[in-house]
Amino acid sequence: MRIETYFIPVPIETRIAVIIDVLRATSMACALFEAGISELVMVPTVEEALEWKKKGYLAAGERGALKIKGFDLDNSPTELTKQEVLSKVRGRSVVMTTTNGTRAVNEAKASLKILACLNNLPSVVKHLKALNPKKISIICAGTQMRISMEDVYCAGLLVNTLRDEITFKADMDDASHLAMLVARHLTLKDLKETEHAKRLASKGFEADLTHAFRVGTSSVVPLADRANVFHTSSKM
Ligand code: MLT
């Protein structure tokens, strides 16, 4: 198996792309499916999201980490623990746009896109194990085309686990190797010191950090084809 990792969004053409935005787009995507949504469309712009909203979709996302005017939800997974929000989203289709996460999803050209974060990492590994592909491209969303350490940490944990559970002899590029070393040397506690984590904490989203930095709390694996319409693995 060949594993390639990209630290910022790239317009690559590949078969399987695993896209990571720990803070917070892919963590939010898992939380939305955990909350019972039926479908998640990821679009790059606010204008496109508002078009989907006109068709009856709930609109979720952020700009500058905050809720967008006219949207139903922001990009906060812990908001979904509130009873009134849960009853609003259950069974609904959602469209989402975020600064970096949905951009990474839209830039990658892949016949299968998988959303990963720390929450669903073991389930993503299980899914990949069943697929047993020849090649996996891991794409980190980063922040404004710069590296985000929490995404690299998650990518490294994924590479490490794939090596442990699928193939120790994985053929890795240098970026995958580097990500693996990052994951081996950092602890989850270090992630609270990342630039993005500190920015979110300063805006009052500490609870989202605690939520996003837990490994294996979600069994959801959001999957899509080129159209960027995600369903959970059981519905694909
Ligand atoms: C993004 O996609 O840029 C993030 O999800 C931003 C955020 O933390 O809300």
Side-chain angles (χ1 to χ4, degrees), residues 6-11 17-35 37 40-50 52 58-82 85 89 94-108 113-121 124 138-155 188 191-214 217-218 220 222 224 228 230:
Y6 300 86
F7 293 146
I8 53 173
V10 276
V18 179
I19 296 142
I20 297 174
D21 185 12
V22 173
L23 296 177
R24 295 169 287 175
T26 54
S27 302
M28 177 66 174
C30 287
L32 282 165
F33 280 109
E34 291 286 354
I37 67 160
L40 178 66
V41 185
M42 287 198 155
V43 298
T45 67
V46 172
E47 293 69 30
E48 280 169 86
L50 290 172
W52 284 89
L58 287 178
E62 58 69 39
R63 285 297 180 268
L66 302 175
K67 189 169 170 179
I68 300 163
K69 195 165 167 249
F71 274 40
D72 305 285
L73 300 162
D74 65 12
N75 194 31
S76 168
T78 53
E79 191 194 20
L80 293 165
T81 55
K82 294 180 191 150
V85 183
V89 304
V94 176
V95 60
M96 181 180 188
T97 182
T98 67
T99 316
N100 304 287
T102 61
R103 173 184 186 167
V105 167
N106 279 271
E107 283 214 358
K113 296 183 186 180
I114 302 176
L115 300 182
C117 57
L118 292 168
N119 295 164
N120 72 345
L121 199 87
V124 169
I138 302 172
I139 302 168
C140 300
T143 304
Q144 307 279 20
M145 299 306 274
R146 298 179 68 222
I147 291 175
S148 281
M149 200 157 72
E150 65 281 359
D151 291 343
V152 177
Y153 176 88
C154 183
L188 285 167
L191 301 187
K192 290 215 169 178
E193 298 306 316
T194 64
E195 281 185 289
H196 197 154
K198 286 199 253 181
R199 203 173 316 119
L200 286 175
S202 74
K203 294 187 178 187
F205 294 114
E206 288 93 346
D208 283 345
L209 304 181
T210 310
H211 176 98
F213 297 157
R214 288 194 188 123
T217 50
S218 170
V220 155
N228 302 319
F230 287 86

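Atoms within a ligand are numbered from 1 in the order they appear, just like the ligands themselves. Hydrogens, waters and symmetry mates are skipped; everything else that's a heavy atom, side chains included, is used. Sequential numbering from 1 along the given sequence is applied to the chain's residues. Fair warning: this is a prediction, and the values are worked out from it, not measured in the lab.
Residue-ligand proximity, Thr98 to ligand 1, at heavy-atom distances under 4.0 Å covers atoms 1 (C), 2 (O). Those atoms of ligand 1 with a heavy atom of His196 less than 4.0 angstrom away are 6 (C), 7 (C), 8 (O). With ligand atoms numbered from 1 in the order given, ligand 1 contributes 1 (C), 2 (O) to contacts under 4.0 Å with heavy atoms of Gly101. If you number the atoms of ligand 1 from 1 as listed, the ones under 4.0 Å from a heavy atom of Leu200 come out as 8 (O). Residue contact check: Asn100 has heavy atoms under 4.0 Å from atoms 1 (C), 2 (O), 3 (O) of ligand 1.
Under a 4.0 angstrom heavy-atom cut-off, Met28 registers as lying outside contact with ligand 1.
If you check the side chains of Asp21 and Asn100, you find no donor sitting under 3.5 Å from an acceptor.
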Before giving the answer on side chain to side chain donor-acceptor pair (under 3.5 Å), spell out for Thr99 and Glu62 the whole-Å C-alpha distance, their side-chain angles and the decisive distance to 0.1 Å. CA-CA 7 Å; Thr99 316; Glu62 58 69 39; 2.9 Å; yes
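Ligand 1 has no N or O atom lying under 3.5 Å from any N or O atom of Ala65, backbone or side chain. Taking any N or O of Asp21, backbone or side chain, at least one lies under 3.5 Å from an N or O belonging to ligand 1.
Within a 6.0 Å radius of CD in Glu195, no more than 12 heavy atoms belonging to other residues, nucleotides or ligands are found. Environment of CZ in Arg199: crowded, with over 12 heavy atoms of neighbouring residues, nucleotides or ligands closer than 6.0 Å.
Interatomic distance, CZ of Arg24 versus CG of Asp74, reported as 6.0 Å (0.5 Å rounding). Of the inter-residue distances, the one linking Asp151 atom CG with Thr143 atom OG1 reads 7.0 Å to the nearest 0.5 angstrom.
Among Thr45, Asn228, Thr97, the single residue meeting the side chain to side chain donor-acceptor pair (under 3.5 Å) criterion with Asn106 is Asn228.
At the top of the distance list for atom 6 (C) of ligand 1, counting protein heavy atoms only, stands Glu62 OE2, 3.3 Å.
Nearest-heavy-atom check against atom 4 (C) of ligand 1 across Thr99, Thr102, Leu23 picks out Leu23.
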